[in-house]
Asks: 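Below is one structure. I have some questions about it.
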Amino acid sequence: MAVSHRSLRLLVEDTVKSLTDNVQYSYGEESDFDQTKKKTSLMVNTQLMPASAVFSDNQVSNYSKTWVITCVFYKFDRQDSVDYFKIHDELDPICDQFVNKLNQRDDMVILSTNQQPFVKALSDILTGYLLTVTVRLNDDFDYCFECD
């Protein structure tokens with residue numbers, strides 16, 4: 001797998017969409033997502049993915065990139081709710097499934113994960129998790145420029 005932004009972005013999108021039939025997926029800034037008119041019951045937004053690169057690791061010359069994938073898993077909540085834990089209970093296994101599906105890739109090493117709950121965010125009153133997965137991929141430089 002080439003470590004291009006495009007290939008990783010599409011992998012994340014495909015992985016999210018494979019988790020459940022009814023998911024609305026977006027990629028970009030949270031403020032752009034907040035302006036989306038149509039929203040379904042489960043929404044996942046992947047924020048912009050920063051990367052850092054190294055040319056050698058443990059005395060071996062090999063170009064690799066470390067990417068930070070931040071996905072926000074949202075569901076609608078109510079302003080007056082006190083049982084938002086039910087949304088966290090529902091979304092926690094979905095976050096785990098996402099990480100586990102990424103972990104099945106032989107060409108990707110998951111370096112760390114962090115899952116932060118939040119309650120009643122944005123103008124739509126959404127509750128869920130901010131999931132950050134840091135991954136490392138080697139670059140085989142086999143990129144298809146005609147595929148764009």
Asks: Just wondering, do D77 and L126 contact through their side chains at under 4.5 Å, heavy atoms?
Replies: no
Asks: Does V68 reach the side chain of T132, with side-chain heavy atoms less than 4.5 Å apart?
Replies: yes
Asks: Step by step, work out the side-chain contact (heavy atoms from CB on, under 4.5 Å) result for Q47 and V72.
Replies: CA-CA 8 Å; Q47 298 176 356; V72 188; 3.4 Å; yes
Asks: Relative to each other, are the rings of H5 and W67 parallel, tilted or perpendicular (30° and 60° limits)?
Replies: tilted
Asks: Only pairs at least two apart or in different chains count here, so list each salt bridge (charged side-chain N to carboxylate O under 4.0 Å, His left out) that has a residue in residues 13-24.
Replies: E13-K17
Asks: Evaluate the side-chain contact (heavy atoms from CB on, under 4.5 Å) criterion for residues E90 and K75: first the C-alpha distance (whole Å), next the side-chain angles of each, then the deciding distance (0.1 Å), finally the verdict.
Replies: CA-CA 10 Å; E90 182 181 345; K75 286 204 82 162; 2.8 Å; yes
Asks: Taking side chain to side chain donor-acceptor pair (under 3.5 Å) as the test, write out the residues that go with T20, two or more places apart.
Replies: none
Asks: Test of understanding: with side chain to side chain donor-acceptor pair (under 3.5 Å), list the residues that count as partners of Y25, not counting sequence neighbours.
Replies: T46
Asks: What pair of heavy atoms forms the shortest contact from M49 to Y27, and how long is it?
Replies: N-OH, 3.3 Å
Asks: Between I94 and V23, is there a side-chain heavy-atom distance shorter than 4.5 Å?
Replies: no
Asks: Could you tell me if the side chain of T66 sits less than 4.5 Å from the side chain of V135, heavy atoms only?
Replies: no
Asks: Kindly compute the distance separating OG (S112) from CZ (R136), expressed to the nearest 0.5 Å.
Replies: 11.0 Å
Asks: Surrounding NZ of K86 (heavy atoms of other residues, nucleotides or ligands, distance under 6.0 Å), is the total greater than 12?
Replies: no
Asks: Write down the atom of A51, the atom of K65, and the distance for their closest heavy-atom approach.
Replies: CB-CD, 4.3 Å
Asks: Identify which one of V12, T134, V99 satisfies the side chain to side chain contact (heavy atoms under 4.5 Å, CB included) criterion when paired with I69.
Replies: V12
Asks: Apply side chain to side chain contact (heavy atoms under 4.5 Å, CB included) to Q116 and list each qualifying residue two or more places apart in sequence or on a separate chain.
Replies: N114, L130
Asks: Do V16 and L102 share a hydrophobic cluster (ILVMFWY, side-chain heavy atoms under 4.5 Å, transitive)?
Replies: yes
Asks: Of all residues at least two apart in sequence or in a different chain, which pass the salt bridge (charged side-chain N to carboxylate O under 4.0 Å, His left out) check with K101?
Replies: none
Asks: With sequence neighbours excluded, what pairs up with Y84 under the ring-ring contact (aromatic ring centres under 6.0 Å, His included) test?
Replies: none
Asks: Please enumerate all residues that pass side chain to side chain donor-acceptor pair (under 3.5 Å) together with D96, with sequence neighbours excluded.
Replies: none
Asks: Which atom names give the shortest non-hydrogen contact between T113 and I110, and what distance separates them?
Replies: CG2-CG2, 3.9 Å
Asks: Looking only at heavy atoms, which two atoms of C95 and Y129 are closest? And how far apart?
Replies: SG-CB, 3.9 Å
Asks: Nearest 0.5 Å please: distance from the OG atom of S81 over to the NZ atom of K120.
Replies: 4.0 Å
Asks: Does L137 belong to the same Ile/Leu/Val/Met/Phe/Trp/Tyr cluster as L48, with side-chain heavy atoms less than 4.5 Å apart forming each link?
Replies: yes
Asks: Could you tell me which non-hydrogen atom of N45 sits nearest to which non-hydrogen atom of S26, and how far apart they are?
Replies: OD1-OG, 2.7 Å
Asks: Do C71 and F98 make a side-chain contact, defined as non-hydrogen atoms from C-beta onward lying under 4.5 Å apart?
Replies: yes
Asks: In the hydrophobic clustering that connects Ile, Leu, Val, Met, Phe, Trp and Tyr at side-chain heavy-atom distances below 4.5 Å, which members other than L111 occupy its cluster, ordered by chain and number?
Replies: V109
Asks: So, using side chain to side chain donor-acceptor pair (under 3.5 Å) as the criterion, who are the partners of R78 when residues are at least two apart?
Replies: D80
Asks: Using the ring centroid of each side chain, check whether H88 and F73 are separated by less than 6.0 Å.
Replies: no
Asks: Listed by chain and number, what are the side chain to side chain contact (heavy atoms under 4.5 Å, CB included) partners of A121, not counting sequence neighbours?
Replies: F118
Asks: About how many Å separate CG of L11 and OG1 of T15, when rounded to the nearest 0.5 Å?
Replies: 4.0 Å
Asks: Mind checking side chain to side chain contact (heavy atoms under 4.5 Å, CB included) for P93 and listing every partner two or more places apart, or none if nothing turns up?
Replies: none
